[in-house]
Amino acid sequence: MKDICIVLSGEAGQGIQTVEYVLTRVLKNSGFHIFATKEYMSRVRGGNNTTEIRISSERVRAFVEKIDILIPLGKNATGRLRDRITRETLIIGEESFIKDAGGEKIEVPLLEMAERIGNKLYANSVAIGLVSGLLKADRETLKLQIRKQFEDKKEEVIKQNIDAALEGYKRGEELSGRIKVSLKRDDAVKKECLLNGAEAVGLGALAGGCNFVSSYPMSPSTSVLVFLAQNKSDFGIVVEQAEDEIAAMNMIIGAWYAGARGLVTTSGGGFALMEEALSLAGMVESPVVIHLAQRPGPATGLPTRTEQGDLNLVLYAGHGEFPRVIYAPGNIEEAFYLTYKAFNVADKYQVPVFILTDQYLVDSFYNLPPFNLDDLKVEKHMVKTGEDYIRYKLTENGISPRGVPGYGDGLVKVDSDEHDEFGHITEDFTTRVKMVEKRLKKGEELKKEVLKPKLIGDENYKVLLVAWGSPLEVIKEAISDIKEVALLHFSQVWPIDNSVAEYLKRAQKVIAIEGNATGQFANLIKAVTGFEVKERILKYSGLQFSVEELRKKIEGVV
Amino acid sequence: MKDICIVLSGEAGQGIQTVEYVLTRVLKNSGFHIFATKEYMSRVRGGNNTTEIRISSERVRAFVEKIDILIPLGKNATGRLRDRITRETLIIGEESFIKDAGGEKIEVPLLEMAERIGNKLYANSVAIGLVSGLLKADRETLKLQIRKQFEDKKEEVIKQNIDAALEGYKRGEELSGRIKVSLKRDDAVKKECLLNGAEAVGLGALAGGCNFVSSYPMSPSTSVLVFLAQNKSDFGIVVEQAEDEIAAMNMIIGAWYAGARGLVTTSGGGFALMEEALSLAGMVESPVVIHLAQRPGPATGLPTRTEQGDLNLVLYAGHGEFPRVIYAPGNIEEAFYLTYKAFNVADKYQVPVFILTDQYLVDSFYNLPPFNLDDLKVEKHMVKTGEDYIRYKLTENGISPRGVPGYGDGLVKVDSDEHDEFGHITEDFTTRVKMVEKRLKKGEELKKEVLKPKLIGDENYKVLLVAWGSPLEVIKEAISDIKEVALLHFSQVWPIDNSVAEYLKRAQKVIAIEGNATGQFANLIKAVTGFEVKERILKYSGLQFSVEELRKKIEGVV
Amino acid sequence: MDFERYISKDIAWCPGCGNFGIRLALMKALEELKFDPRMVVIVSGIGQAAKMPQYIGVNMFNGLHGRALPVATAIKVANPNLLVIAESGDGCMYGEGGNHFIHTIRRNPDIVNIVHNNMVYGLTKGQASPTSVKGFKTPVQTDGVILEPFNPLAVAIALDASFVARTFIGDIEFTKEIIKEAIRHKGYALVDILQPCVSFNKLNTYEWYKENTYYLKDHDPSDKELAFKRATERGKLPLGILYVNHNKETFEELARKGDKRPLYEYEVNFEKIKEMINQKTL
Amino acid sequence: MDFERYISKDIAWCPGCGNFGIRLALMKALEELKFDPRMVVIVSGIGQAAKMPQYIGVNMFNGLHGRALPVATAIKVANPNLLVIAESGDGCMYGEGGNHFIHTIRRNPDIVNIVHNNMVYGLTKGQASPTSVKGFKTPVQTDGVILEPFNPLAVAIALDASFVARTFIGDIEFTKEIIKEAIRHKGYALVDILQPCVSFNKLNTYEWYKENTYYLKDHDPSDKELAFKRATERGKLPLGILYVNHNKETFEELARKGDKRPLYEYEVNFEKIKEMINQKTL
Ligand SMILES: Cc1ncc(C[n+]2csc(CCOP(=O)(O)OP(=O)(O)O)c2C)c(N)n1
Ligand SMILES: Cc1ncc(C[n+]2csc(CCOP(=O)(O)OP(=O)(O)O)c2C)c(N)n1
Ligand code: SF4
Ligand code: SF4
Ligand SMILES: [Mg+2]
Ligand SMILES: [Mg+2]
């Protein structure tokens, strides 16, 4: 693949996010495929954060370690990247920002250029222009995007920022010879959209009919809450920041009881507090949709980093036994479609449904064709109650028609105690047994809707990689050139069915790739199929996998 | 085994518990082996509760379904026992109480007898006497125990109760010919003690050096809290009822931090609220001991019933990855020794240690020889800190010396964020990886202390039963006469080691016996060893297994 | 009686318990206000008090210990046409649920919050509750309670709750009237009902309450400082409406911007989603 | 300075943030009161404020968001010789930790509870906190806050907290003195410190606080009703010690019956256990 990887680096509060935002749009609208992801510290000012932007002639969707161009936006912005800087890395910027770094340095006095135009603060615009020029992006697009970015500002400020960007552009163009890769453009890309994982989850929720969100802020899940809050008026959604996670989850169950479609978004530690209420959902047979964006634990851990360490947590969350569904989207498209689907599945089976993402997925974005909404539909499984309505009617498949209060002539009685068909508390042992079996039957039913894992790569594989959730695209790229290797990727991690074993047995070697320290999914596969995935590539530093490290490790074992 | 099974039945509030308490002591001190267990509804008055007392010539420790003698203490007290009453069951009592029942009825006007002596309220004493007479228990012992029971009362009341008991005794003796079984007595039994599971856990905690308890009341775990509260002054224990379970668990972690030895006692739903704090213990590497008495879930479920449904819950509780230990005592002796041990293990490895019991175990009791305390010792692993003390020193086995504030010259800094050796927050990826590995290493170390499962029964088994926790004694009795069957019982359910597979492979057939609906332990065995225990005897009605049902089921498959 | 329809027949309370009176008062209040049972929801937690909706023929959400209020709030905002009552014991509402108590008052949904205040944990057999008086001995508080009792009225007033009342179930008629006022009131309404627990609270008996309470007279419930004074003064406990603030908008009015349609009627605007996605191409 | 020893070097707060002043005030207070750092524990939750003990050379328990108070209480009762400070942000103490706030006041351990009240969630980038003023717009509260702000002082007074004070970090000297008073006070002491968050709260700035606060003068902190009036009246926010009740025993005095020995010195009395077991044979 022909691609260029640009990294922006600076302190929290220096505006990397603005540069990232504008630059990715300029580049995409110039016809380049792009991918971007960030890593940042759990602080508001200072420290060191970076954003990686990959620009390519083909679709690009994964994190790489190599840095072709590094733009430090302040002092001490290159130290943490030491291991990723090679002799080929172009480091462009203020002399004082680049001086400590290795690589090929090109001094560009961004601050001075900005000041000349009117204000030091325009340095970020110069930088945006600089990169645009380097890649010969579309000038008009650059101007447009800068204008959009500052549209709330006075015309003079907008103009000066545009000038600054153009100054940068000029300097960039001059330097463009230093870039050895030449990228093709594709006009079709311009019509594509740029979305990050959080937005995809949010849009999926909207498409799933979500009209009630209650959550307590917690990185990295808050962005979904923010997305829905920003759009609440347009969609008539109730968005409530709860006093704690316990309230949030109980509210959502209350909301579903009254006929709303509710979502909580949280992270592992917040979810740990919701488990009693999850068990409540299991018992009262309430639908509920939970978006859990993973970060490294235990406890507070690394609040703004990524990990896949909470699979076991959600698999077994809550006391007692009741069924659940766990989706683990591998990319942005899946984040959208699975979140959408989660609402219908939750409603139909009256069970909790999880969307298990992580910081890497929610904070990454790439260009993709707009989702096709034509086949999407909010399937409401709610019924109008009759006089003789009973909430927990025993049925063949365990699913009872779900009524809501005030809709129809019946009363809707739900109970966290073991209950009879009416919903009244009972201590009758026979009823107890029937109700346990009723709830578990829904778990059996759910197996009929299981999403099969996807086999990617060489169908005649000797080595089979097994993965779930967000490493999908990284692995895909890593194995794109390796023969006899395939990836079996799970976007649904519970339930999974035994048929999986067939894939595994066909391989000479099976390797699990997971972003945790114990191989939770590999262990789950063994628990379900008895098949032991002995080799494991695990990462638990707080960072996502990179294409290079996986390629190396996989080549090492092939 | 020669034994007689007596069941007392009545409404909540009718004093069954008093009858049970006095009667079991009278019988034990007359030289009989006894076992008693109760089942009761989640209400304060009314409904129907029963207590079973088995009296035997040999040790007896398990619940049976058969009823030899039924004493209804009120109206409508026999209906729920319909299936357990046979033609041989003697039903003794007031005409109006016994009239609806099957079995062999013997009318004894308990109320009238009591009234004649002075007060209807003495009827329970008449009943106690009646049973004592039936079994020809020691009269002096009867008088003594009645006196003890009423020692706070006026002498007249005590006397009248004794008279009532003696009246009952007389009547019982007259009827004793109706009992076909004749039981031997054993003077050694008189020196044994009577303890229920809750008391054993409480005593174990005392022996383990527990000096801080914080909990929130929740059936069936509250009895341990009550036990420690009753003895707090004698032992200088801080006992605090917290505002909620979250506070309780955080308090316990705080207490250990300051050098105390803390315990929480709770049930599944309460524990679900403690999971975030459990993860905190994992991260700050705090010892903590958790007694979790299981009851049927999900949610409120059946608050006063029994189940083994929370194994998965504790196995995977808390976000992120960290080691833990789970003991599941099979009987009262184990409840004592394992709780004692839990404190030392928690302190040594600085990890959470669970005592996983259930309502059946905490509410059952039998006679047993007093525990030998001679080898018990509180192993304090705390160190006095030096000036240069660092809390999270990286060591070979992952265990860092644990200091406490105010003891020594160092500062003790613990952190729920990922931290460096000092305990300060860090985002350094290399440190992160080391700290993850440090924590997991302790999990490896813990494997060295794993309690091996016990093999009980025919060593040349063809059928191997696998069980954990409280069904131990029931299964033991059930298979005592069956050849080629053995039981592999686990009193520690995490970690378990692979060697287990050897036992399993030697069997022609393996059957898991568990008090839950999904076979959680069988699934765990598969997850650990790959061995699939296909056959399962599961119970999830809210009741414990009975000897008879297990015998039948096991014989069915042998 | 309509509200007797469709209930659990076996009432699990102890004979003589104050809960029976509360049930009566509540059912009468609903009857007299002519509520359609189908439009009433009682949300409760866990405890003896929390069993209430099992015995009244209205919609029921018998949830978790301590968690009635967030559930009730969500139901109300999801369907503002329902009468939503959150009802439970003192342990449930002020102990386990204390955080929701505070923040629900801040939210001010138009719900009625009935608390059966028996100053003890009934269902779990007699431990201290947040409102237990100092020195009250229990199997856990063996030396007697050492914590300051929680003062729900004072806290509610401090948070400017929109309606704060206390009654004693020895007077069912009065309790019924207070409940009716609470229902009629727009906004969060706290009704703390003093209720003897005949099984586990031998201290705060019917007699004790009679001797230790008085009816508020000539009290101006709009005077917050006065209300606070009444709520905190030593001596007898005031019965009646202590505090009312009529000038508060409700949570659902603000969160729904006046829209009262039940959320179950909501239809997704896929066109708008398309538009949003298209925005993301720019 | 002693308290600078053994700390995390990289202070992660924003330049200009009020947290720096609080750190200074606290360190000076400890210094002036001549505390041995080894006998001081700061327990915090999670948030910007909660990072405090990372930057002070005393014992540190940096626990979970919202849970500093139960940890602090346990430490104090397990070793009454330690000075225990529970310190965190407004979201941590009054939001997630609201239930512990209430019940810790009821318990009255002799700890100091310092709350950095910046009326916003700092660390998570600017959502409303319980003390955010109505109308305050954030990325989540897009139409502005609609909940009544939480009034910590009024609630603390309603619960008869033994020491209730508020300061503004614009005045470091005053804050230091109040902290010293809080430390000297026996029993639970709340110090709510108004603290500008320069990054996410553009409404409640240094200027805003200056204009909207006043120093209490001639105030009698033993007068509870007056304290309540001051805490709840509209207009400017009072600074100073609002309320003190000297007549309260502490949790650890009552729970430990006066025994001050650290629990780590505790030795098990196996003889007594034997005796108990023997009792069970009778
Ligand atoms: C999370 C959780 N913790 C504890 C319990 C056990 N529990 C059930 S009811 C109750 C207390 C009941 O007291 P209160 O709320 O005052 O109600 P009352 O029975 O007195 O009416 C407790 C502690 C529970 N069900 N759930
Ligand atoms: C259980 C849990 N929920 C949410 C979070 C995320 N979180 C961290 S700090 C914080 C709020 C911080 O606000 P505040 O307590 O006011 O402190 P500040 O940063 O303003 O000083 C939140 C919500 C968390 N760490 N844990
Ligand atoms: S235990 Fe107390 S509160 Fe519960 S029903 Fe009985 S008397 Fe009433
Ligand atoms: S975010 Fe606000 S509170 Fe946090 S350090 Fe920055 S200015 Fe201070
Ligand atoms: Mg109560
Ligand atoms: Mg704050």
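Sequence lines set the chain letters: A, B, ... in the order given, protein chains first and strands last, and positions in each chain run from 1. Being a predicted model, the structure only gives us computed values, none of them experimental.
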Answer with side chain, backbone, both or neither: which region of C:Tyr94 has an atom nearer than 4.5 Å to a non-hydrogen atom of chain B?
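For C:Tyr94, no heavy atom lies under 4.5 Å from chain B.
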Do any of residues 266-278 of chain B have a heavy atom less than 4.5 Å from a heavy atom of chain C, and if so, which, in residue order?
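Interface residues of residues 266-278 of chain B: B:Leu273.
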Flag side-chain contact, heavy atom, 4.5 Å: C:Leu123 against C:Lys51
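Contact flag for C:Leu123/C:Lys51 side chains = yes.
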Do the rings of B:Tyr216 and C:His65 sit parallel, tilted or perpendicular, given the 30° and 60° boundaries?
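Taking C:His65 first and then B:Tyr216, their aromatic rings sit tilted (interplane angle of 30° to 60°).
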Could you have a look at [options] and say which one has the most heavy-atom pairs with chain C under 4.5 angstrom?
options: B:Val226, B:Thr222, B:Leu228; answer: B:Val226
options: B:Arg45, B:Met41, B:Lys232, B:Glu243; answer: B:Arg45
options: B:Val44, B:Ile246, B:Asp244; answer: B:Val44

When you look at C:Glu87 and C:Arg23, which way does the salt bridge (charged side-chain N to carboxylate O under 4.0 Å, His left out) test go after all the steps?
CA-CA 11 Å; C:Glu87 181 161 10; C:Arg23 175 170 178 264; over 6 Å; no
Do you know which two heavy atoms are closest between C:Leu64 and B:Ala299, and how far apart they sit?
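Distance-wise, the nearest heavy atoms are CD2-CB, 4.2 Å.
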Pairwise distance OG(B:Ser215) to CE(B:Met251) - rounded to 0.5 angstrom
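Between atom OG of B:Ser215 and atom CE of B:Met251 there are 10.5 Å.
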Kindly confirm or rule out a cation-pi arrangement of B:Lys153 over B:Phe150, judged by NZ or CZ under 6.0 Å from the six-membered ring centre and within 45° of its axis?
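The answer is no, since B:Lys153 fails at least one limit relative to B:Phe150.
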Under 4.5 Å from a heavy atom of chain C, the part of B:Glu245 involved
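Backbone plus side chain of B:Glu245, per the 4.5 Å heavy-atom cut-off to chain C.
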Just by distance, do the side chain of C:Thr205 and the backbone of C:Lys202 share a donor-acceptor pair under 3.5 Å?
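Checked: no pair found.
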Intermediate values then yes/no, salt bridge (charged side-chain N to carboxylate O under 4.0 Å, His left out), C:Glu96 and C:Arg67
CA-CA 8 Å; C:Glu96 184 87 49; C:Arg67 315 303 172 191; 2.9 Å; yes
Identify which one of B:Asn211, B:Val224, B:Ile290 satisfies the side-chain contact (heavy atoms from CB on, under 4.5 Å) criterion when paired with B:Leu263.
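For B:Leu263, the side-chain contact (heavy atoms from CB on, under 4.5 Å) test succeeds with only one of B:Asn211, B:Val224, B:Ile290, which is B:Val224.
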Contacts of residues 138-151 of chain C with chain B (heavy atom under 4.5 Å)
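Within residues 138-151 of chain C, the residues under 4.5 Å from chain B are C:Pro139, C:Val140, C:Gln141, C:Thr142, C:Asp143, C:Leu147.
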Decide side chain to side chain donor-acceptor pair (under 3.5 Å) for C:Asp90 and C:His116; before the verdict, give the C-alpha distance in whole Å, the side-chain angles of both, and the deciding distance to 0.1 Å.
CA-CA 6 Å; C:Asp90 46 342; C:His116 300 211; over 6 Å; no
